2 protein chains.
Amino acid sequence: MRKIADSTVRRLSLYLRYLEEFETEGQATVSSEALATRGGTTSAQVRKDLSFFGSFGKRGLGYPVAELGTRLRDILGLSRRYRLVVVGAGKIGSALAQYRGFRQRGFDIVAMFDNDGEKVGKLYDGVAVRDVADLDAVLEAEQPDIGVIVVPGDQAQAVAERLVRGGVKAILNFAPAPLQVPDDVSLKNVNLALELEALSFALASQRH
Amino acid sequence: MRKIADSTVRRLSLYLRYLEEFETEGQATVSSEALATRGGTTSAQVRKDLSFFGSFGKRGLGYPVAELGTRLRDILGLSRRYRLVVVGAGKIGSALAQYRGFRQRGFDIVAMFDNDGEKVGKLYDGVAVRDVADLDAVLEAEQPDIGVIVVPGDQAQAVAERLVRGGVKAILNFAPAPLQVPDDVSLKNVNLALELEALSFALASQRH
DNA sequence: GTTTGTGAAACGATTCACAGCT
DNA sequence: AGCTGTGAATCGTTTCACAAAC
């Protein structure tokens, strides 16, 4: 399959949100212009993004809201549910576990892990924290799709390697450390320090 | 000042981390190649990124570790401390408040807000949660640099507008909603749902 | 000999503009 | 007439490659 840019995929996710909004508003069709306005992009961009996957609209009319939504869910792989494991039950890890939005959108946390005996056994939204020593066994038993890494930076690479060995094919990394994973494993990083420093740079530039 | 790409700024932040590592390792100089290897990029990229701001290296030798670190901190605006307000004291908001990494890197949370009476008055790492009704007054009194939005999506735009009116020039938005802010206000978005959906897309594509 | 700094080339993403369908 | 789908043009970023400095 043709390589799709990350920026395109992110916009598709946004279009799907807007389609759901248009659907609850009772709109049957929507133009690329209308989607663009809501998403802060251009109509040409919307059409180009969609054209990578097929032609879903009717000239003169626009796109059928409900049907395009279904197609986007298929394209994004959101017609199924995903099984997540969260490694690290600190502040951020436990906040994620209790965030309802994930479950709502099809992402179920099936297990949590920590290496701190104090935290092992705690329940977050019905999921018990297990000892990280059990990680490999649980990966084998539960066959999760996605691993979420929320451990200190110096432990992140080791956790990533255990997840990969356990068959996980997608990793969301919150640790402030660059991870090496095989080509067939997808990796997304969320680095709060980097975001704040980008804001710091912008503030410093403004001030001249 | 010449427009610097966001991707460049993010790499500069990473280089700074690596320089700090090299410094504790006792390295006096470092080559663009060495920085590139640690950061998963190329030596040409490192040199190009740095060249936007000056020429910091010596041909045949590399870059002086300590000095380049100082220069990068200046460029990124990290030679000073920043004052943050966090709006929303839910799971993610309170996790952020308790995350020591921010303070360590120069970002001090000076106030937190919530509209839930249950949460008002709680202390997170020494910072009390105040009623969001007090937001405008506190902005005036505290003159914070950065606002962090951690409220539900439908309240995010209103909070952003109050922050902007209160003089905040940089916003970090965790709410899953696109925000409109004036051109002179910097905005970074962290959208966990979008990251998970990008992983979902990658998994779906892999499977064909 | 080594490594920087930087124009030029290559690549990738966005925007333009219009032919073609409804 | 209205709006999509898309090749061509533009714009921005990364990579190449080499002269200059040490």
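First the proteins, then the strands, lettered A, B, ... as listed; each starts at 1. It should be emphasised that the depicted structure is a prediction, and the values quoted were computed from it without experimental measurement.
The side chain of A:Arg59 lies closest to D:dG5 when the candidates are C:dA13, D:dT6, D:dG5. Distances from the side chain of A:Arg47 to the nucleotides C:dT3, C:dA17, D:dT13 place C:dA17 closest. Set against D:dT14, D:dT13, D:dT4, the side chain of B:Lys48 has D:dT14 as its closest nucleotide.
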Evaluation steps, ring pair (Phe, Tyr, Trp, His ring centres under 6.0 Å), between B:Tyr15 and B:Tyr18: CA-CA 5 Å; B:Tyr15 302 156; B:Tyr18 306 144; 7.1 Å; no

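Taking a cutoff of 4.0 Å between a charged side-chain nitrogen and a carboxylate oxygen, A:Asp114 and A:Arg130 do not qualify as a salt bridge. The pair A:Arg80-A:Asp145 meets the salt-bridge criterion, with a side-chain N (NZ, NE, NH1 or NH2) lying under 4.0 Å from an Asp/Glu carboxylate O. Using a 4.0 Å cut-off between charged side-chain N and carboxylate O, B:Arg73 and A:Glu197 make no salt bridge.
Phosphate contact (OP1/OP2 of D:dT15, side-chain N/O of B:Thr42, threshold under 4.0 Å): present.
Here B:Thr41 lies out of heavy-atom contact (under 4.0 Å) with every strand. Among the protein residues, A:Ser43 comes within range of no part of the nucleic acid, since none of its heavy atoms lies under 4.0 Å from any strand. Within 4.0 Å of B:Ser32, counting heavy atoms only, lie sugar-phosphate atoms of the nucleic acid but no base atom.
Heavy-atom distances to DNA chain D give each of A:Gly54 and B:Gly60 a nearest nucleotide, and the one nearer the 5′ end belongs to A:Gly54.
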